[in-house]
Amino acid sequence: MKRGKGLTFVGDSRIQKYDKPRLSRDYSEFPGRTEEFWPDFLLKEWMTGAVFLIGFLCLTVAHPAPLERMADPTDTGYVPLPDWYFLFLYQILKYTYASGPFNVIGAVIMPGIAFSALLLAPWLDTNKERHWLKRPIASSMMILAVGLIFYTTWESVAYHDWEQQNQQGQIVFSNLDADDPVFQELVRTNCTSCHGGELTGGSGPELIEKEMSVEHVSAFVTNGSENMPAFEDTLTEEEIQAISEFIANLELTAAE
Amino acid sequence: MFNKIYDWIDDRIDINPIWRDIADHEVPEHVNPGYHFSAFVYCFGGLTFFLVVIQILSGMFLTMYYVPDIVNAWHSVYYLQNDVAAGMIVRGMHHWGASLTVVMMFLHTLRVFFTGAYKAPRELNWVVGVLLFAVILGLAFTGYLLPWDMKALFATRVGLDIAESVPFVGEWIKTLLAGDATIIGAQTLTRFFAIHVFFLPAALFILLALHFIMIRKQGISGPL
C-alpha cells in the first residue's frame, strides 16, 4: 500500500517498507536491437577497456616518461617548448599580426573566441537538424578550426630544432664544480648562454664529453670560430687560461 | 549471501532505485559497436573516463614519492623513475595518460559535435563537457611543472607570460598562479601542486558527476 494507514516504514526512518517489485523494463524507447547495460554491454566495454589498457601499458614500457636535468632558472640559453597539445597556441604567437604589439590578439582574443564559440555552440547552431551534412555552416566552422589546430601544430613541430631540444635538457653527470670561482665568475658570464647552464650544450656544442687540451680550448676562446665569437679583446690572458683549464678538465662521471 | 547483505542495506536506505537506474538501462543499437562497427566513435567518452581513472590512481601513487619543493622535487622524481620498483611504469602511465586523455577528450568532443548530440535538450551537458575540457587542460598545464626539470620550468614561464599578457587582470592572474609577480620558484611549485592535486580534481569530480547524472537523466541521443 502506497498511501494511508497501511503505509509502514523501516524503523523510525522515512524509508517505506514494501515488497520490492521485480523491475521488468520495457525496452521500447529506441527502435532496433537494444541491449541491457548490466551485465551484457558493460562486459563488452570492459573488454574494450582491457585491450586499450594493454596497448597503453606497452606504450609506457616502450617509451619511459622523459625527465630532463633539474630546473636552472639562470640558464638563459635554454629554448622553451610547451607540451605538444599546447603547441598550436604557442605557434599562433609567432605570426606577425598575433605577436609583439598584437600579442593580445594571439594570446587572448583568438583562443578566447574559439573557447567561447565552443562553449556556446548549442546556441550558435540552433538548426534543428542533427546530421553534420545538413548543417554546413556549423560543420565547416568546426572542420576549419580542427584544420587550423592540426596545421599550426605541424608547423610548430616541423620548424623546431629537435636536435638542440633533445641535447639541451639532457641529464649529464660530470665533475663540473658549480661553486668553483672560475665557473661562477667567468664561465657563467661568457660560456653558458650558448653552451648550456651545465655546459651540456645549447645553441653551441657540449663541452663535457669532448676530449680537449688546455691549448685547444684556449685557441678557441682567444680566436673564436665560425659560429663562436673571439674573446681576445674582452678577457685577459689569465682569465682565458683559467677558463681553458676549467673546460679541459671536465669529464663525465658515474651517476650519483 | 550477497543478496542478503544487499537486502539488509536496501531495507535501510532503499538503494534499489539507484542501483536499478545505473544497471538497468538499455543500450540502443546505434551506439553498440557489436552491431555496427562504426559505432566505436561512441566509445571515446568512456575511454576518456577510463583514462581519467588511470590518471587519478597513478597520480595517487606518485604522491607517495613526490616532494613538492624546489630542492627535492626533481630528485624525488629521479629516484622514482630510476630506483623505485615499477616507478617508471607508474610515472609513464601518468605521463602518457595525460596526453591520451587530451586526445580522447578531443575525439569525444568531435563525436558529440558531428552527431549533433549537443542540441536541445542536451545543451547543459555540452556546457559541462566544455568546462571539463578546460579543467583537464588546466590539469595538463599545472602537472607539467611538477617534475621541476628544465622543460617544465621554461614551458611554465612561457605559459605564465601568456597569462600575464591578458589585459587588465593578467598580472593578477600570474601572481595568483605563480605566487609572485616576477619569480617562478618555490611558491610557484607549491601552488601548482595544490592546484593540480586539490583544486582542479575537486572541480573535475563535480563536473564529471553532473556530466553522468545528466546522461542518465536524459538518456543518450537517438540515431541520426
Side-chain angles (χ1 to χ4, degrees), chain A residues 10 13 15 17 20 23 25 27 29-30 32-38 41 44-45 48-49 52 56-57 59-61 63-65 67-73 75 78 80-86 90 93 103-104 107-108 115 118-119 121-123 128-132 135 139 142 146 168-169, chain B residues 11-14 16 20 23-30 32 34-35 43 46-47 50 74 77-78 81 88-89 91-93 95-96 99-100 102 110 113-116 118-120 123 126-127 130 140 144 147-155 157-159 162 165-167 184-185 219 222 224:
Chain A
V10 178
S13 77
I15 305 286
K17 198 177 203 168
K20 279 153 222 118
L23 265 148
R25 278 280 182 95
Y27 283 172
E29 286 167 48
F30 289 104
R33 292 162 290 182
T34 59
E35 196 169 30
E36 279 181 310
F37 178 71
W38 173 275
F41 191 72
K44 285 184 190 169
E45 283 196 327
T48 312
F52 186 84
F56 180 59
L57 284 175
L59 173 71
T60 63
V61 172
H63 297 281
L67 181 66
E68 296 191 343
R69 65 194 158 87
M70 194 168 160
D72 176 8
D75 187 347
Y78 190 90
L81 192 72
D83 213 354
W84 67 268
Y85 34 81
F86 290 121
Y90 191 50
L93 296 174
N103 184 61
V104 78
V108 184
F115 185 78
L118 194 69
L119 190 70
W123 295 279
K128 285 270 187 294
E129 291 289 348
R130 278 183 50 213
H131 198 284
W132 64 283
R135 40 191 182 96
S139 296
M142 184 53 114
V146 172
Q168 65 180 354
Chain B
D11 273 345
R12 277 150 189 83
I13 51 177
D14 201 20
N16 205 32
R20 280 291 146 210
D24 209 16
H25 62 270
E26 63 178 322
V27 178
E29 181 183 334
H30 71 284
N32 192 334
Y35 296 133
C43 292
L47 287 175
F50 184 53
W74 185 85
V77 177
Y78 186 84
Q81 179 82 4
M88 199 182 90
I89 301 290
R91 184 163 172 261
M93 287 175 82
H95 174 84
W96 293 111
S99 287
L100 279 175
V102 174
L110 290 183
F113 185 85
F114 283 110
T115 57
Y118 59 91
K119 289 171 176 291
E123 302 98 320
W126 169 266
V127 170
V130 175
Y144 202 61
W148 198 249
D149 61 355
M150 290 297 277
K151 62 179 163 51
L153 175 72
F154 286 93
R157 179 174 288 173
V158 172
I162 292 173
S165 67
V166 175
I184 296 174
L224 282 174

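Since we're looking at a predicted model, the values are computed, not measured.
Between A/Thr60 and B/Arg91, the closest side-chain pair of non-hydrogen atoms is not below 4.5 Å. Side-chain contact between A/Leu118 and B/Trp126 is present, with at least one heavy-atom pair separated by less than 4.5 Å. Counting only heavy atoms from C-beta outward, the side chains of A/Pro73 and B/Leu153 approach each other to under 4.5 Å. Considering only heavy atoms from C-beta on, B/Val27 stays 4.5 Å or farther from A/Trp38 through its side chain. Annotation: side chain of B/Lys119 is in contact with side chain of A/Arg130 (closest heavy-atom distance under 4.5 Å). A 4.5 Å side-chain heavy-atom check between B/Lys151 and A/Tyr78 finds at least one atom pair inside the cut-off. Residues A/Asp72 and B/Met150 meet the side-chain proximity criterion, which asks for heavy atoms closer than 4.5 Å. Between A/Arg33 and B/Tyr35, some side-chain heavy-atom pair lies under the 4.5 Å cut-off.
Side-chain atoms of B/Trp96 never come within 3.5 Å of backbone atoms of A/Leu57 as a donor-acceptor pair (strictly under, hydrogens ignored).
At a 4.5 Å heavy-atom cutoff, the contact between B/Val158 and chain A is made by side-chain atoms alone. With a 4.5 angstrom heavy-atom cutoff, B/Ala120 does not touch chain A via any of its atoms. Heavy atoms of B/Leu110 lying under 4.5 Å from chain A belong exclusively to its side chain. With a 4.5 angstrom heavy-atom cutoff, B/Val102 touches chain A only via side-chain atoms. For B/Met88, the part lying under 4.5 angstrom from a heavy atom of chain A is the side chain only. For B/Phe113, the parts sitting under 4.5 Å from any heavy atom of chain A are the backbone and the side chain alike. At a 4.5 Å heavy-atom cutoff, the contact between B/Gln81 and chain A is made by side-chain atoms alone.
Interatomic distance, CD of A/Gln168 versus CZ of B/Phe154, reported as 8.5 Å (0.5 Å rounding). To the nearest 0.5 Å, atom CD of residue A/Glu35 and atom CG of residue B/Asn32 are 4.5 Å apart. Of the inter-residue distances, the one linking B/Ser99 atom OG with A/Leu59 atom CG reads 9.0 Å to the nearest 0.5 angstrom.
The cationic group of A/Arg135 does not satisfy the cation-pi geometry with B/Tyr118, failing either the under 6.0 Å distance to the six-membered ring centre or the 45° limit from the ring axis.
Between B/Phe114 and A/Trp132, the ring planes are perpendicular. Angles over 60° get that label, and only those under 30° would be called parallel.
Residue B/Pro147 comes nearest to A/Leu67 through the heavy atom pair CB-CD1, 4.0 Å, listed as atom of the first residue, atom of the second, then distance. Contact detail for B/Ala155 and A/Pro82: the closest heavy-atom pair is CB-CA, 3.8 Å.
Here B/Val130 is the residue among B/Val130, B/Ile184, B/Val77 with the most heavy-atom pairs under 4.5 Å with chain A. When each of A/Leu119, A/Asp75, A/Asn103, A/Val146 is scored by its heavy-atom pairs under 4.5 Å with chain B, the top score falls to A/Leu119.
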Inset, instruction - Go through the steps for B/Val127 and A/Trp123 under the test side chain to side chain contact (heavy atoms under 4.5 Å, CB included), then give the verdict. - result: CA-CA 11 Å; B/Val127 170; A/Trp123 295 279; 3.6 Å; yes

Legend entry - Candidate pair B/Met93 and A/Phe56, rule side chain to side chain contact (heavy atoms under 4.5 Å, CB included), full reasoning: CA-CA 8 Å; B/Met93 287 175 82; A/Phe56 180 59; 3.9 Å; yes

